[in-house]
Amino acid sequence: MTSQPWMLAVCILLTSDTCRTFGSGVVQTFNGLTFYVHSNCPFTLIQFTHNHVECDIIIRRGDSGLIVQVEITINKVRTVLQNGHILVGTNSVSVPYDHMYQHIFAYGIYNRLKSLLLPLSVTWHSVPGGIDTLWVELEQELSTDMIGLCGKHNVSGKTRSLNRSTLTPHYIHLCESNIYGYEQVKSIGCAFFKEVAQYCGNTSYIWNVWRTVSNCEQPSCAGDLVYVEQGAAFVPSCSNPNIQFFNQDLTSSCVCPNGKVFNDHVEDSRCVTVSSCPCVFAGRTYEPGDIRSTKCQSCICDSGKWQCSENICPSKCVIEGQFVSTFDGKRYVLPGKCTYVASQGLNWTIRIEFSKKGASLKTVVLEIFQETYTFSHNLVKFREEEVTELHQNCPDKWLHPNRSSMNVQVHTSFGMTIQVQVSPELQLSITPPTNHSSMISGLCGNSNGDTTDDFTTSSGIVENSAQPFAQSWSVGVCTADIPPHCIKIFADEKCSVLNNQTGVFAECHGHIPTDHYYTACIQRTCKCSSHLQQCLCVALASYAKACAGVGIDIGDWRKDTHCSEYSFNKI
């Protein structure tokens with residue numbers, strides 16, 4: 001590949017919010033300085049601390065000149081790009097990947113890591129053998145010491161044209177240094193020429209001819225996708241067909257032909273009309289017109305979206321140990337073994353208290369119209385006295401209780417239902433009052449049909465995460481955390497029965513996804529202080545109850561999972 005000096009003389013534009021490295025060692029700093037580094041040693045590209053968050057990005061090139069390793073460490077979370085793989089910590093992840101501190105996603109033909117703690121993103125282009133282009137972008141000026149090849153960030157210069165007569169010889173020298181010794185690695189030279197073309201922009205003469213004169217072929221796209229030099233960074237898809245072209249970034253991209261969207265529910269990179277988009281539920285793909293039904297509602301697949309009838313089953317909050325599902329269906333894990341307000345209304349409050357051992361509940365306390373009922377393992381108390389015959393001991397003016405071997409169910413006069421499983425492990429289920437007009441609050445949320453405000457604290461602030469929300473509903477001192485130890489081999493092996501596509505739970509897979517229940521099973525069994533089989537059976541029972549709640553009969557799952565001995569405890 002030969003250099004094309006005339007391309008470099010057309011225009012050079014520099015941007016001060018981006019640091020780039022491309023080809024076999026060209027670096028362009030935030031302030032526009034460009035130089036060439038020929039080495040296969042690790043280099044710090046950028047390192048700084050902002051708002052007490054540390055950032056460190058290290059790159060290393062291989063003998064081919066391409067970048068073969070990138071280490072991105074932000075807030076002690078280490079992400080490594082190597083051999084076409086992305087590792088976060090010790091785990092290999094696929095795109096898209098969401099983490100508490102960062103998102104990794106496709107960005108046109110590139111991949112991008114966007115930090116949620118810093119105004120920073122890292123974008124790279126992978127080719128056979130490594131990475132030919134990588135850039136770091138800052139969204140604002142940072143008043144902090146910054147070291148590394150990228151230099152110091154200074155936005156005072158923004159985009160500007162520089163004297164061509166001065167810069168052209170410099171860039172010709174960079175071009176020659178970039179290609180020298182790497183003539184057979186086509187992506188090395190092409191990465192350089194593409195940068196020049198992009199600097200000049202799509203209104204310049206070289207925009208449409210640079211690939212021809214430099215012998216650089218367009219990247220190939222999979223399936224029905226078509227390459228464009230400047231297109232949508234995020235392609236409309238069956239999952240999200242309404243992405244607005246004019247409201248998003250433009251970059252080199254693989255896009256669908258006009259009138260079609262990307263079918264992201266299959267793996268063969270096909271483009272279809274929106275009306276032909278399939279739907280997905282619980283990991284299963286449904287074609288347009290397919291129907292799935294439970295006793296609660298019926299749904300039909302229409303243009304990639306489920307059109308569902310009204311859900312005739314009442315909303316329900318379920319608290320199973322540290323795992324909570326709110327009235328509106330938001331699921332989360334409680335951060336500590338505290339006493340919490342599970343739910344409260346005008347004349348009632350329901351509190352839960354954790355056991356000092358393990359991560360199970362110790363008591364459920366119902367306060368209603370100044371009366372107190374306490375539910376614990378195999379025991380029910382009213383006014384501190386043990387209850388044996390609920391109908392006789394409880395004032396039926398407010399409560400209409402029923403009791404079985406494992407459960408106590410209470411119906412209030414104003415339409416609220418409370419079910420407490422008292423054996424083998426304490427669990428709580430609350431159905432909110434019918435036609436409730438007063439405010440409901442607590443760990444269970446507010447039962448308004450909107451999950452976005454479920455994390456409303458006791459002071460009325462909507463939090464983004466479970467921890468501050470849950471802590472706001474704790475009562476008294478809250479210092480004991482859920483135990484961290486984990487017998488994971490047992491948990492992995494035993495909990496996998498939930499996901500077995502031919503197993504006893506398979507009949508329910510198309511109605512209730514197992515992902516939440518599988519994760520909860522792993523965590524519950526991992527953190528079980530004793531009686532591992534019982535902890536496992538409690539976790540499996542949670543999924544079985546959810547299936548029964550929508551009318552799915554999964555047979556004698558207890559027998560198939562060796563849980564029969566935990567099903568009929570007498571109290």
Side-chain angles (χ1 to χ4, degrees), residues 17-21 30 42-61 67-107 110-126 130-131 133-150 153 233-234 322 331-336 455 463-471 481-486 488 492 515-516 519-520 522-523 526-527:
D17 58 353
T18 304
C19 169
R20 297 177 178 268
T21 181
F30 287 120
F43 280 95
T44 296
L45 192 65
I46 184 173
Q47 184 184 95
F48 64 90
T49 300
H50 177 68
N51 289 339
H52 306 292
V53 176
E54 296 178 358
C55 174
D56 190 7
I57 302 176
I58 299 172
I59 63 171
R60 181 175 65 83
R61 285 184 158 81
I67 298 173
V68 294
Q69 186 179 64
V70 181
E71 294 184 19
I72 306 166
T73 305
I74 300 175
N75 199 40
K76 299 182 181 179
V77 176
R78 181 173 176 263
T79 303
V80 177
L81 317 177
Q82 190 172 21
N83 298 326
H85 300 289
I86 304 172
L87 283 81
V88 178
T90 58
N91 299 320
S92 179
V93 303
S94 56
V95 175
Y97 169 77
D98 289 328
H99 184 273
M100 183 185 299
Y101 298 142
Q102 63 189 25
H103 295 326
I104 306 175
F105 50 90
Y107 183 81
Y110 307 94
N111 281 322
R112 172 168 287 186
L113 181 152
K114 182 174 178 59
S115 172
L116 301 181
L117 299 176
L118 296 170
L120 172 144
S121 64
V122 182
T123 309
W124 65 94
H125 180 237
S126 298
I131 294 171
T133 303
L134 179 142
W135 70 87
V136 179
E137 190 170 358
L138 296 173
E139 299 170 2
Q140 67 183 59
E141 183 173 5
L142 304 182
S143 300
T144 183
D145 291 334
M146 189 176 295
I147 63 174
L149 297 181
C150 285
H153 180 227
F234 308 103
Q322 69 197 94
R331 296 185 174 105
Y332 64 95
V333 180
L334 291 171
F455 285 170
E463 292 283 358
N464 292 322
S465 61
Q467 183 166 347
F469 157 71
Q471 287 178 339
D481 291 331
I482 303 297
H485 64 274
C486 175
K488 199 169 192 304
D492 280 337
D515 50 356
H516 164 76
T519 301
I522 292 287
Q523 294 181 5
C526 272
K527 296 169 182 175

Nearest-0.5 Å distance that lies between atom [atom1] in [X] and atom [atom2] in [Y]:
{"X": "Trp135", "Y": "Arg20", "atom1": "CH2", "atom2": "CZ", "value": "5.5 Å"}
{"X": "Ile46", "Y": "Leu138", "atom1": "CD1", "atom2": "CG", "value": "5.0 Å"}
{"X": "Thr133", "Y": "Ile67", "atom1": "OG1", "atom2": "CD1", "value": "8.0 Å"}
{"X": "Leu149", "Y": "Cys19", "atom1": "CG", "atom2": "SG", "value": "7.5 Å"}
{"X": "His99", "Y": "Tyr97", "atom1": "NE2", "atom2": "OH", "value": "4.5 Å"}
{"X": "Leu118", "Y": "Gln140", "atom1": "CG", "atom2": "CD", "value": "9.5 Å"}

| task | Scan residues 45-58 for pairs that pass side-chain hydrogen bond (donor to acceptor under 3.5 Å, both in side chains), counting only residues two or more places apart or in two chains. | result | Gln47-Asp56
| Does the pair Glu137/Arg112 count as a salt bridge with the N-to-O cut at 4.0 Å? | yes
| Phe48: partners by ring-ring contact (aromatic ring centres under 6.0 Å, His included), with sequence neighbours left out | none
| Which residues share a ring-ring contact (aromatic ring centres under 6.0 Å, His included) with His85, sequence neighbours left out | none
[X] and [Y]: which non-hydrogen atoms are nearest, and at how many Å?
{"X": "Asn111", "Y": "Ala106", "value": "OD1-CA, 3.7 Å"}
{"X": "Tyr107", "Y": "Ala233", "value": "CE1-CB, 3.6 Å"}
{"X": "Thr44", "Y": "Ile147", "value": "CG2-O, 4.4 Å"}
{"X": "Leu113", "Y": "Trp124", "value": "N-CZ3, 3.7 Å"}
{"X": "Ser126", "Y": "Ile131", "value": "OG-CG1, 4.1 Å"}
{"X": "Phe455", "Y": "Ala466", "value": "CE1-N, 3.6 Å"}

| task | Could you give me the CA-CA distance, side-chain angles and deciding distance for Thr21 and Arg61, then say whether side chain to side chain donor-acceptor pair (under 3.5 Å) is met? | result | CA-CA 11 Å; Thr21 181; Arg61 285 184 158 81; 3.1 Å; yes
| query | Can you pull the salt bridge (charged side-chain N to carboxylate O under 4.0 Å, His left out) pairs that have at least one residue in residues 72-95, sequence neighbours excluded? | reply | Glu71-Arg78
| field | salt bridge (charged side-chain N to carboxylate O under 4.0 Å, His left out) partners of residues 86-99, not counting sequence neighbours, each pair once | value | none
Pairwise side-chain contact, [X] with [Y], heavy-atom cut-off 4.5 Å (strictly under):
{"X": "Val77", "Y": "Tyr101", "result": "yes"}
{"X": "Val93", "Y": "Leu87", "result": "no"}
{"X": "Val70", "Y": "Val80", "result": "no"}
{"X": "Ile74", "Y": "Leu120", "result": "yes"}
{"X": "Thr18", "Y": "Val136", "result": "no"}
{"X": "Ile57", "Y": "Cys55", "result": "yes"}

| query | Can you list the residues that meet the salt bridge (charged side-chain N to carboxylate O under 4.0 Å, His left out) rule with Arg331, with sequence neighbours excluded? | reply | none
| said: Quiz question: by atom type and distance under 3.5 Å, do the side chains of Thr79 and Gln102 form a donor-acceptor pair? | reply: yes
| Proximity of His103 and Phe105 rings by center, below 6.0 Å | no
